[in-house]
Amino acid sequence: MPPSPPLRHLMTLADLPVGQINRIVEHAFKLKQLSKAWRLPPSSKINGPSHGTLHLPSNSLFGKTIALIFSQRSTRTRVAAETSVALLGGHSMFLGREDIQMGVNESIRDTAKIVSGMCQGLFDLARYSDVPVINALSPLWHPTQVLADIMTLRENASSFGSPHDAPSSATEVQLSQLPELPPLTIAYVGDSANVLHDMLVSYPRMGHKFRVASPKQHRAPSEVWERVKQLGCDGNIVWVEDPKEAVEGANVVATDTWISMGQESEKEARLRAFEGYQVTEALCKNAHPEWKFLHCLPRKPQEVDDEVMYGPRSLVFQEGENRKWTTMAIFDILYGEWSLETF
Ligand SMILES: NC(=O)OP(=O)(O)O
């Protein structure tokens, strides 16, 4: 078989073999440990070495500009991108929908050609770009979110029966390995949106059982289901309507908003359709006793109550922070000194 063409753009985790997904999150974990140590006050003593002996993890974006082309409001994706480009020594240029001609006075194709002629990477806009593009997030896929989720679960491996855990301290200088996960049962309760779609093409290939509970009319579109089948993920996915059935014995319960951006006019119908899907202790009483909770944020109280969201099961804010390290890892690899093929 001829070798597969080099990966130019990253649209979804379906584009990556499992080995590369794992290497990206392991690189992210290394960058997290190095960067957090570097940011400590100069007087800090960290396992012996002083701040003065530490170095930034990489300068792979030195002299490079990364265009962040956003057509929607964002907190995590934008802040993760801007701060990680800065840590890698590059310059990020935020281009919101009100800032540039794209889609108003100029076609997306022409904008992409021009911007990619002046920048070394684009966060968004794949089709017409001459430089690598990473999908920041789209209605169908959210690859960098699920990379952060995988990293977070691996950091908490001991909660799932693994003998190892990641160091909780931000002051580790001796780099630790990111622990491996045992096979898990992961349940997603709620709407079929971009985060779920990247979970569908990732978790089953990583050896986890994946269960989804959503109303019949809110199942994944055929385009997503085709990628799921191509990758052989469908054998490890169970799709049900009853959320209690989905979470039975689950080690991880995840959800997302029921009303994504652009769906505000469907609010009433959606609230009715998802009645009974709110993640609570009562809903999950037959989950694994040590179950953990994931949510990509922003969160609305309809899909998860405060007890779960802010309680000890919640990995939500660790997951949010890990958006930065996984985005930084992808930038370092794809826009930096190497490619995803050789990494
Ligand atoms: N989870 C996520 O993508 O958040 P933002 O929309 O704030 O970027």
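Remember, it's 1-based here, ligands and their atoms both numbered in the order they're listed. Worth saying up front: this structure is predicted, and the values here are computed from it rather than measured. Residues: numbered from 1 along the sequence shown.
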Next on the checklist: Pairs of nitrogen or oxygen atoms closer than 3.5 Å, one from Leu297 and one from ligand 1: do any exist?
Outcome noted: yes
Next on the checklist: Using heavy atoms and a 4.0 Å limit, tell me yes or no: is Arg78 in contact with ligand 1?
Outcome noted: no
Checklist outcome for this item: Nearest non-hydrogen protein atom to atom 6 (O) of ligand 1, with distance, is Ser74 CA, 4.0 Å
Checklist entry - Any idea which atoms of ligand 1 are less than 4.0 Å away from a heavy-atom of Leu137? => result 3 (O)
Item to check | Where ligand 1 meets Arg323 - atom numbers and elements under 4.0 angstrom, heavy-atom basis | outcome: 1 (N), 2 (C), 3 (O)
Checklist entry - Judging by distance only, is a nitrogen or oxygen of Cys296 under 3.5 angstrom from one on ligand 1? => result yes
Checklist entry - Any idea how Phe70 and Phe94 line up, ring-wise: parallel (<30°), tilted (30 to 60°), or perpendicular (>60°)? => result tilted
Checklist entry - When Asn322 is tested against each of Asp149, Thr144, Thr152 for side-chain hydrogen bond (donor to acceptor under 3.5 Å, both in side chains), which residue passes? => result Thr152
Checklist entry - Are Asp332 and Ser60 close enough that a side-chain donor and a side-chain acceptor fall under 3.5 Å? => result yes
Next on the checklist: So does Thr65 get a backbone contact from the side chain of Gln120, meaning a donor-acceptor N/O pair under 3.5 Å?
Outcome noted: yes
Next on the checklist: Just to check, does His142 reach to within less than 4.0 Å of ligand 1 when the distance is taken from its heavy atoms?
Outcome noted: yes
Item to check | Shortest protein heavy-atom distance from atom 4 (O) of ligand 1, along with the residue and atom involved | outcome: Arg76 NE, 2.9 Å
Checklist entry - Are Asn194 and Gln145 close enough that a side-chain donor and a side-chain acceptor fall under 3.5 Å? => result no
Checklist entry - For atom 7 (O) of ligand 1, which protein heavy atom lies nearest, and how many Å away is it? => result Thr75 N, 2.7 Å
Checklist entry - Would you say the side chains of Glu290 and Ser159 form a donor-acceptor pair under 3.5 Å? => result no
Checklist entry - Judging by distance only, is a nitrogen or oxygen of Arg73 under 3.5 angstrom from one on ligand 1? => result no
Item to check | Over-ring placement of Arg154 relative to Phe29, 6.0 Å and 45° cut-offs | outcome: no
Next on the checklist: Checking contacts here: is it the side chain or the backbone of Gln72 that comes within 4.0 Å of ligand 1, counting heavy atoms only? Could be both or neither.
Outcome noted: neither
Checklist entry - Quick one: which ligand 1 atoms are inside 4.0 Å of a heavy atom on Thr77? => result 2 (C), 3 (O), 5 (P), 8 (O)
Next on the checklist: Regarding Glu303 and Arg299, does a basic nitrogen lie under 4.0 Å from an acidic carboxylate oxygen?
Outcome noted: no
